[in-house]
Amino acid sequence: MDKGTVRTHEDMDAEATARHARFGRLPEPVRAEDMVEEQPAVAPDPARNAYDPDEWLVRYCL
């Protein structure tokens with residue numbers, strides 16, 4: 001602000017009104033469900049479930 005500039009009461013009221021319009025209320029609350037993102041820790045391995053525990057019986061005992 002320059003030394004020669006005088007601020008009037010109306011200027012301050014306009015600034016206060018603009019400030020209140022922008023910051024005068026709290027933001028909408030965020031739900032807890034929206035704050036959490038679920039992801040698997042590792043990618044699923046198709047070979048993990050491919051083992052057949054009864055296969056060795058057929059292969060080695062018959």
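Just so it is clear, the structure is predicted and the values come from calculations on it, not from any experiment.
When the side chain to side chain contact (heavy atoms under 4.5 Å, CB included) test is applied to Asp13, the partners found at least two apart in sequence or on another chain are His9. Residues passing the side chain to side chain contact (heavy atoms under 4.5 Å, CB included) test with Arg22: none are found, sequence neighbours excluded. The side chain to side chain contact (heavy atoms under 4.5 Å, CB included) test applied to Val42 returns no partner, not counting sequence neighbours.
The other members of the hydrophobic cluster of Val30, by chain and number, are Met35 (side-chain heavy atoms under 4.5 Å, ILVMFWY only). Hydrophobic side-chain contacts under 4.5 Å tie Met12 to no other Ile, Leu, Val, Met, Phe, Trp or Tyr residue.
Applying the side-chain hydrogen bond (donor to acceptor under 3.5 Å, both in side chains) test to pairs two or more places apart or on separate chains, those with a residue in residues 29-42 are Arg31-Asp34, Glu37-Gln39.
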